[in-house]
Amino acid sequence: MTGRDGSDWEATNYRTHTLGEVRDAGAQMIGHEVTVAGYAEAVRGRGAICFLMLRDGTGHLQAFLKKDNMNEETFATIQGASRESTIQVTGTVAQKRPPKVAEGEPNPPAEFEINVTDGQVLAMSQTPLPVGVVDDVHVGLDTRLDNRHLDLRRQHVNAMFQLRSKVLQYGREHLISEGFMEMNSPKIIASASEGGTNLFPIKYFETDAYLSQSPQLYKQLAVLGGLERVFEIGPAFRAEKHDTYRHLNEFISFDIEGAWMNDEDVMCVQERMIHHIWSQVNANDQNLIDMINEYKESQNEEKVAVEVPSLPFPRISYCEAIDIVKAGGGEIEWGDDIESHHCDLIAAKYPGFHFLPKWPMSMKPFYIFHDENEKGNTGGQLSRGFDLNYGRDEMTSGGQREHRVEVLEQNLRNMDLDPLDFTFYTDGFRYGAPPHAGWGLGVARLLMVLTGAGNVREVVLFPRDRSRVTP
RNA sequence: GCCCCUGUAGUGUAGUGGCCUAUCAUGGAGCCCUGUCGAGGCUCCGACCCGGGUUCAAAUCCCGGCGGGGGCGCCA
């Protein structure tokens, strides 16, 4: 049986063929008996015949039911099924009667259908649907998320999550090709791993613990332990009361860390990975992009195009970025954070992917490396920390890490943190430590770019934000 | 935490103190027709977030609560 993307699926007890398979290979299957199953997208016809439009994960196919050809009761049950009910039918593949075309118009390519001889309703759908699956009415995001199980059946939404899976696949694929290995770090941690951000406290037996805000310190320990090149795709939790289109309190972070590398080295890894992802999507997944665009068109939204970015991505150092913002009329001084409205000014010049390397050390966490000889134009200490932005939005934050344990401990003290709270981490540096670097990328942010989604919640299955913990 | 906007059938909307017995689309129920194909035709169903207040009169104005959206802040 042919599955999604042409993959080979074993027949199951519920179907011998997928709908997409009959749709595509119907010409060779005419007269063959098949059993298929799917959701009832439409059930038309109330007389002696009935058209049942079925949908499964591979596509749509019409089933044609005639009272004379089957058990009367079975016919009546299927004819009376509500939209989205799951239905299994058995019948023979036939060529569909061609539609009437105007004089002189070319005949459309042959289509196929199933002449049903038997079937059953597997589960009847309740009516009315809280979210129409094929209806051309706009649905608010909140309603959609409350009914994600149905929202997900909508073609363009489904396509977004297929695309998400592809992006992760291509990203993995690329990193593995560069010698990175996949790892997992604990999500239950004993103390604030970095300070700064707010953690979710949890009860861990008789002691207090927190949900991990980042795999940062653990992936470094793995590298120090000799794994050299690691990556992790996993959840990160932030207890911040933000409420924007791009923040969530639980998100999937795509992290890497590599030994014997500096900030520039890992920026190169990242741009090669993103280039690979875009190239692969461009080559293999235009059908998913088309589904998304089909919907955008119906809503009069701007369509998305997968433009493979050229390498290398522009590098705009923090100092340069400040100059650009100032030249654009923005109010900013060296040492200030580059905020969203500042990013708009930079994005006007660099609309696509661009790195922002060499931030002031004072703005970066204690584990970021700095070279005492690298100072900003006002004399402030620079770091080897960088961001990757797409337009106004931050995708990644990364950098070379501090591998000198005495500097690490001094950095902690400089940031009012107690080195004694971090011995689980700093101990890893006491017996020789390779210089290393890495980054963390927000998967959903990347998906927003690729799908043109205006809200990060659209590309996260069950988003967790300030006011949503269900479903 | 701050500011602005907003809440009408299952869904998405129209509505600017009396023209509201509340619009339209989609949907649901049913009938007719039917090898339809975004099927079509007809009938019906279905809503003003909650609680106060102003007024002769409130979906509409005011206050509070709850929900939603946007912006800011916060944010390795």
Side-chain angles (χ1 to χ4, degrees), chain A residues 41-53 60-67 80 82-84 94-101 108 111-113 115 125-147 150-151 154 192-199 212-220 236-249 251 253 255 257 294 298-299 337-341 344 359 363-368 383 385-387 394 396-399 401 411 415 417 438-442 454-455 457 465-468:
Chain A
E41 209 162 82
V43 189
R44 300 191 193 99
R46 286 283 176 265
I49 60 171
C50 168
F51 303 99
L52 170 66
M53 183 55 84
H60 305 77
L61 196 73
Q62 177 169 288
F64 177 64
L65 288 77
K66 209 169 185 170
K67 211 178 208 164
S82 45
R83 298 199 302 167
E84 294 304 311
Q95 184 163 342
K96 214 165 145 182
R97 301 216 178 155
K100 297 171 196 106
V101 290
E111 289 188 70
F112 305 93
E113 65 178 6
N115 281 143
S125 167
Q126 223 171 285
T127 58
L129 299 169
V131 171
V133 174
V134 291
D135 301 348
D136 222 358
V137 271
H138 180 260
V139 187
L141 187 55
D142 201 51
T143 306
R144 290 176 49 200
L145 292 177
D146 281 339
N147 299 280
L150 270 179
D151 182 50
R154 305 204 295 163
S193 47
E194 298 171 32
T197 191
N198 297 316
L199 306 183
S212 167
Q213 64 184 269
S214 155
Q216 182 58 39
L217 305 184
Y218 290 95
K219 64 182 180 170
Q220 285 188 257
F237 306 90
R238 307 276 166 92
E240 286 144 13
K241 293 186 174 175
H242 35 46
D243 211 352
T244 78
Y245 66 88
R246 60 186 186 278
H247 288 97
L248 289 175
N249 296 293
F251 63 95
S253 179
D255 274 82
E257 202 69 30
E294 196 181 305
S298 79
Q299 300 296 310
D337 196 6
I338 300 176
E339 290 163 6
S340 291
H341 57 283
D344 288 331
W359 286 62
M363 303 176 62
K364 285 290 161 186
F366 73 92
Y367 54 77
I368 292 289
S383 76
F386 67 85
D387 281 358
E394 182 183 331
T396 297
S397 142
R401 320 306 188 184
N411 286 349
M415 291 175 191
L417 294 166
W439 40 255
L441 164 71
N455 193 309
R457 291 160 182 79
D465 64 29
R466 196 172 176 173
S467 55
R468 181 181 286 282

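Note on naming: letters A, B, ... go to the chains in the order of the sequence lines (proteins, then strands), and numbering restarts at 1 for each one.
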Taking A:R401 for the side chain and A:Y367 for the main chain, is one N or O donor matched with an acceptor at less than 3.5 Å?
-> no
Hey, which of these two, A:D136 or A:G454, hits RNA chain B nearer its 5' end, going by closest nucleotide?
->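 Result of the comparison: A:D136.
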Identify, between A:T244 and A:R457, the residue whose nearest nucleotide on RNA chain B lies closer to the 5' end.
->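 Of the two residues, A:R457 wins.
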How many whole angstroms separate atom [atom1] of [X] from atom [atom2] of [N]?
| X | N | atom1 | atom2 | result |
| --- | --- | --- | --- | --- |
| A:E111 | B:G35 | CD | P | 18 Å |
| A:Q220 | B:A76 | CD | P | 16 Å |
| A:L61 | B:G35 | CG | P | 20 Å |
| A:F51 | B:G35 | CZ | P | 7 Å |
| A:E257 | B:A76 | CD | C1' | 12 Å |
| A:I368 | B:A76 | CD1 | C1' | 8 Å |
| A:H60 | B:U36 | NE2 | C1' | 17 Å |
| A:L248 | B:C75 | CG | C1' | 13 Å |

With the side chain counted from C-beta on, respond yes when [X] and [Y] share a heavy-atom pair under 4.5 Å apart, and no when they do not.
| X | Y | answer |
| --- | --- | --- |
| A:M415 | A:P365 | no |
| A:R83 | A:D135 | yes |
| A:M53 | A:V134 | no |
| A:C50 | A:V43 | yes |
| A:F64 | A:K96 | no |
| A:E113 | A:R97 | no |
| A:R468 | A:D146 | yes |
| A:D337 | A:W359 | yes |

Assigned partner base of [N], Watson-Crick or wobble definition, under 3.5 Å:
| N | answer |
| --- | --- |
| B:U36 | none |
| B:A47 | none |
| B:C42 | B:G30 |
| B:C61 | B:G53 |
| B:C24 | B:G12 |
| B:G73 | none |

Using the [atom1] atom as the reference point in each nucleotide, state the distance between [N] and [M] in Å, no decimals.
| N | M | atom1 | result |
| --- | --- | --- | --- |
| B:G18 | B:U60 | P | 11 Å |
| B:G7 | B:A59 | C1' | 11 Å |
| B:G51 | B:C32 | C1' | 49 Å |
| B:C49 | B:A58 | C1' | 16 Å |
| B:G46 | B:C56 | C1' | 32 Å |
| B:G38 | B:G53 | C1' | 50 Å |
| B:G52 | B:A14 | P | 28 Å |
| B:U8 | B:C48 | P | 11 Å |

Could you work out which one of [options] sits closest to the side chain of [X]?
| X | options | result |
| --- | --- | --- |
| A:D142 | B:C75, B:G35, B:G69 | B:G69 |
| A:S467 | B:G28, B:G68, B:C74 | B:G68 |
| A:I49 | B:C37, B:C75, B:U34 | B:U34 |

Could you go step by step and tell me if A:R457 and A:D243 meet the salt bridge (charged side-chain N to carboxylate O under 4.0 Å, His left out) rule?
-> CA-CA 11 Å; A:R457 291 160 182 79; A:D243 211 352; 3.8 Å; yes
If you restrict it to nitrogen or oxygen atoms, what contacts under 3.5 Å exist between nucleotides 1-4 of chain B and the protein, and what is each distance?
residue, atom, partner, partner atom, Å
B:G1, N7, A:R466, NH2, 2.9
B:G1, O6, A:R466, NH1, 3.4

Kindly check if the number of other-residue, nucleotide or ligand heavy atoms within 6.0 Å of CD (A:Q126) is above 12?
-> no
Identify each atom pair where a protein N or O and an N or O of nucleotides 42-48 of chain B are less than 3.5 Å apart, giving names and distance.
none

Base, sugar-phosphate, or nothing for [X], non-hydrogen atoms under 4.0 angstrom?
| X | answer |
| --- | --- |
| A:R46 | base |
| A:D337 | nothing |
| A:K364 | nothing |
| A:E113 | base |

Identify all pairs in which a protein N or O lies below 3.5 Å from an N or O of nucleotides 8-13 of chain B, and state each distance.
residue, atom, partner, partner atom, Å
B:G12, OP1, A:G140, N, 3.0
B:G12, OP1, A:T143, OG1, 2.9
B:G12, O4', A:H138, O, 2.8

Is a donor-acceptor pair below 3.5 Å formed from side chain A:E339 to base B:G73, judging by atom type as modelled?
-> no
Once the angle between the rings of A:H242 and A:H247 is folded into 0 to 90°, is it parallel (under 30°), tilted (30 to 60°) or perpendicular (over 60°)?
->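 Because their plane-to-plane angle is under 30°, the rings of A:H242 and A:H247 count as parallel.
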Rounded to the nearest 0.5 Å, what separation is found between the [atom1] atom of [X] and the [atom2] atom of [Y]?
| X | Y | atom1 | atom2 | value |
| --- | --- | --- | --- | --- |
| A:K364 | A:D387 | NZ | CG | 4.5 Å |
| A:L441 | A:E394 | CG | CD | 10.5 Å |
| A:L61 | A:F112 | CG | CZ | 10.0 Å |

A:N455 side-chain N/O to B:G70 phosphate OP1/OP2 under 4.0 Å | yes
